[in-house]
2 protein chains.
Amino acid sequence: MQPARRLYRRESEESRRTALISATQELVAEGGPEAATVRAIAERAGVTPGLIRHYFQSKDELTRAAYRALMDGMTAKGSDAIEGVGAGPEERLAAFIAASLRPPVLDAGAVVLWAGYMHKVRSDPDLMAVHEAAYLAYRDTLQRLIETLPRTVLPGQTRAEAIACNALIDGLWVEGSLLPATFAPGEVITIGLSSVSAILGVNLLEHTAMLPDFGKTTP
Amino acid sequence: MQPARRLYRRESEESRRTALISATQELVAEGGPEAATVRAIAERAGVTPGLIRHYFQSKDELTRAAYRALMDGMTAKGSDAIEGVGAGPEERLAAFIAASLRPPVLDAGAVVLWAGYMHKVRSDPDLMAVHEAAYLAYRDTLQRLIETLPRTVLPGQTRAEAIACNALIDGLWVEGSLLPATFAPGEVITIGLSSVSAILGVNLLEHTAMLPDFGKTTP
DNA sequence: CCGTTTGTTATACGCATGTATAATCGTGCG
DNA sequence: CGCACGATTATACATGCGTATAACAAACGG
């Protein structure tokens, strides 16, 4: 009696690919890129290592797919945030910012995941293109929201403002995720909203009534 | 005649340690953490792999030392920037910000290096302490510079402002380093100074006369 | 209900990694 | 000048990695 061969079920290509991609993301988020080995990914996804090469030409291709999925997911979260809320420009901008500074976007695992891919982004032109597209898409959404604000602006002004707000949000995202104990609950969102308000010359804190998990920490 | 044993010179402990640390940093900056193998580090430092274990108990200890050196170096750059310049609070703050958004601090290698250590920072309490100390030191310097500005402030205001300015600078640092082609020369510094000005309610762009490599891109 | 297809597992290979230990030789001290 | 210490090199080892390939079995069509 030899060790029985492992039982399995056939699944759709899509479900297997997403399972492998999710497993990769989880492992990188937990233990950095070096923890995402072929064997660990397979175990997490509930398959054996060989199957990875059946769905991805190489581990590098799986890596690229996981990065693409990460970036798509994060930009999607931002778009979702401005879907439901009321039509006021300030409301929409405030919701967009708050969504980026709250879980699940504000999350140490997400930051580690993002950081773990950074050097691959720089060396792989394909990943660089994905990164640039996601970054510019986010910044573009931000800029469009800024342009809808009731203000009179100089030409070229909103571009610089969008860059600044994007950088501010990114920085708060990293630090709020990495050192959550350093901030009071909701403090990161409050700081983000008031700082963006200062940069743009508006008052977003007056338009936070509809935001979930907010209002209790701001006087 | 067998292959001659490699000639060598004895060197001080300090020079060997710094050589190994620098080699580690260079390799991580160039190719990510996975490129910094024991053999590659030794070759870059001009020694053989075994010597690493003579000066560091393990590769992990060398890694920790390299991260500490990175953080110390980056905070030192900021302190240097406010040493020479004139006594005006605005000048000093402007110089501090500009120094963080200009090479050698603004550099893709530095960002990749910083990002490459991120997951180790989260999992290793020792590195976490180093990170937190460096982050808070930087923020503290920033807050002290902000407090010297001629303004009347509410209690607790400067803390939030320091967090915001720190996040803004960090975000510009990352994006300016990773996508330098996206920005006009000096644009990152200009945006940083004008945004911090807006957040703090001052005008730093009027106090950039003494900044090197500046003034030509701002009207 | 059988045969074919192909998703999935199992096994093996070559290589690189971090570490341990022994051999060597540069160097400061007596 | 010689000798002993230890900084440095050399070699070896176990392990884990990504990859290649063959064997197997689950599901579907006939």
Side-chain angles (χ1 to χ4, degrees), chain A residues 1-24 27-28 30-67 116-117 119-120 123-124, chain B residues 1-24 27-28 30-67 116-117 119-120 123-124:
Chain A
M1 175 158 180
Q2 39 193 341
R5 190 185 177 91
R6 171 179 175 155
L7 303 179
Y8 61 93
R9 275 189 49 216
R10 293 192 167 193
E11 305 237 347
S12 72
E13 170 167 351
E14 192 199 332
S15 92
R16 283 271 126 100
R17 291 183 85 100
T18 61
L20 290 170
I21 288 173
S22 299
T24 304
L27 287 164
V28 174
E30 291 168 13
E34 61 215 38
T37 69
V38 169
R39 288 164 177 81
I41 293 169
E43 187 184 17
R44 181 70 63 106
V47 297
T48 49
L51 196 64
I52 290 179
R53 308 275 333 280
H54 189 263
Y55 286 109
F56 298 93
Q57 208 163 11
S58 70
K59 191 204 170 186
D60 250 56
E61 198 192 302
L62 170 55
T63 291
R64 276 193 284 269
Y67 182 73
Y117 281 118
H119 97 270
K120 290 180 196 289
S123 56
D124 183 334
Chain B
M1 174 158 179
Q2 39 193 339
R5 190 186 177 90
R6 171 179 174 152
L7 304 179
Y8 62 92
R9 276 188 48 215
R10 292 190 167 193
E11 304 238 347
S12 73
E13 170 165 351
E14 193 200 331
S15 90
R16 283 271 126 101
R17 291 182 86 99
T18 60
L20 289 169
I21 288 173
S22 299
T24 304
L27 286 164
V28 175
E30 292 168 12
E34 59 214 41
T37 69
V38 169
R39 287 162 178 81
I41 293 169
E43 187 185 15
R44 181 71 61 108
V47 297
T48 50
L51 196 65
I52 290 179
R53 310 272 335 278
H54 188 263
Y55 286 110
F56 299 92
Q57 209 164 11
S58 69
K59 191 203 169 185
D60 250 56
E61 199 192 302
L62 170 55
T63 290
R64 277 193 285 269
Y67 182 73
Y117 283 117
H119 97 270
K120 291 180 196 287
S123 57
D124 184 333

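Just so we're clear, the structure is a prediction, and the values are computed from it rather than from any experiment. Proteins get letters first, then strands, A, B, ... in listed order; numbering begins at 1 in each.
The NZ atom of B:Lys59 sits 8 Å away from the P atom of C:dT19 (whole-angstrom rounding). In this structure, CG of A:Leu51 is placed 17 Å from P of D:dT21, rounded to the nearest angstrom. Atom CG of B:Leu20 and atom P of D:dA7 are 14 Å apart (whole Å). We find that CZ of B:Arg9 is positioned 17 Å from C1' of D:dG6, with the value rounded to whole Å. Atom-to-atom, CD1 of A:Ile52 to P of C:dT8 comes out at 13 Å; the value is rounded to the nearest Å. The distance from atom CD of A:Glu61 to atom P of D:dG18 is 15 Å, rounded to the nearest whole Å. Straight-line distance from the CD atom of B:Glu34 to the P atom of C:dG18: 12 Å, rounded to whole Å. Residue B:Arg10 contributes atom CZ, which lies 7 Å from atom P of D:dA7 at whole-angstrom precision.
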Side chain to side chain contact (heavy atoms under 4.5 Å, CB included) evaluation trace for B:Val38 with B:Leu62: CA-CA 10 Å; B:Val38 169; B:Leu62 170 55; over 6 Å; no
Working for side chain to side chain contact (heavy atoms under 4.5 Å, CB included), residues A:Thr63 and A:Tyr117: CA-CA 9 Å; A:Thr63 291; A:Tyr117 281 118; 3.3 Å; yes
Criterion side chain to side chain contact (heavy atoms under 4.5 Å, CB included) on B:Phe56 and B:Ile21, from CA distance to verdict: CA-CA 10 Å; B:Phe56 299 92; B:Ile21 288 173; 4.2 Å; yes
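Distance from the side chain of A:Val38 is smallest for D:dG18 among the nucleotides D:dA25, D:dG18, D:dT9.
Phosphate proximity of C:dT17 to B:Thr37: present, with a side-chain N or O under 4.0 Å from OP1 or OP2. For B:His54, a side-chain nitrogen or oxygen approaches OP1 or OP2 of D:dA7 to under 4.0 Å. OP1 or OP2 of C:dA20 lies within a sub-4.0 Å distance of a side-chain N or O belonging to B:Arg53. For the OP1/OP2 pair of D:dT8 and a distance below 4.0 Å, the side-chain nitrogens and oxygens of B:Tyr55 include at least one atom meeting the criterion. OP1 or OP2 of D:dT8 sits under 4.0 Å from a side-chain N or O of B:Arg16.
Residue A:Phe56 is out of contact with every strand shown, counting any heavy-atom pair closer than 4.0 Å. In this structure, B:Glu13 reaches neither bases nor backbone, as no heavy-atom distance under 4.0 Å exists between it and the strands shown.
No hydrogens or angles were tested; on distance alone, a donor-acceptor pair under 3.5 Å links the side chain of A:Arg5 to the base of C:dT9. With hydrogens and angles ignored, a donor-acceptor pair under 3.5 angstrom links the side chain of A:Arg39 to the base of D:dG18. Contact of B:Arg6 with D:dT9 (side chain to base): no donor-acceptor pair of N or O atoms is detected under 3.5 Å.
Counting only distance, with no hydrogens or angles, the side chain of A:Lys59 and the backbone of A:Ala36 share a donor-acceptor pair below 3.5 Å.
Taking the nucleotide of DNA chain C with the nearest heavy atom to each of A:Pro49 and B:Ala35, the more 5' of the two is matched to A:Pro49.
Other residues, nucleotides and ligands contribute only 12 or fewer heavy atoms inside 6.0 Å of the CD atom of A:Glu43.
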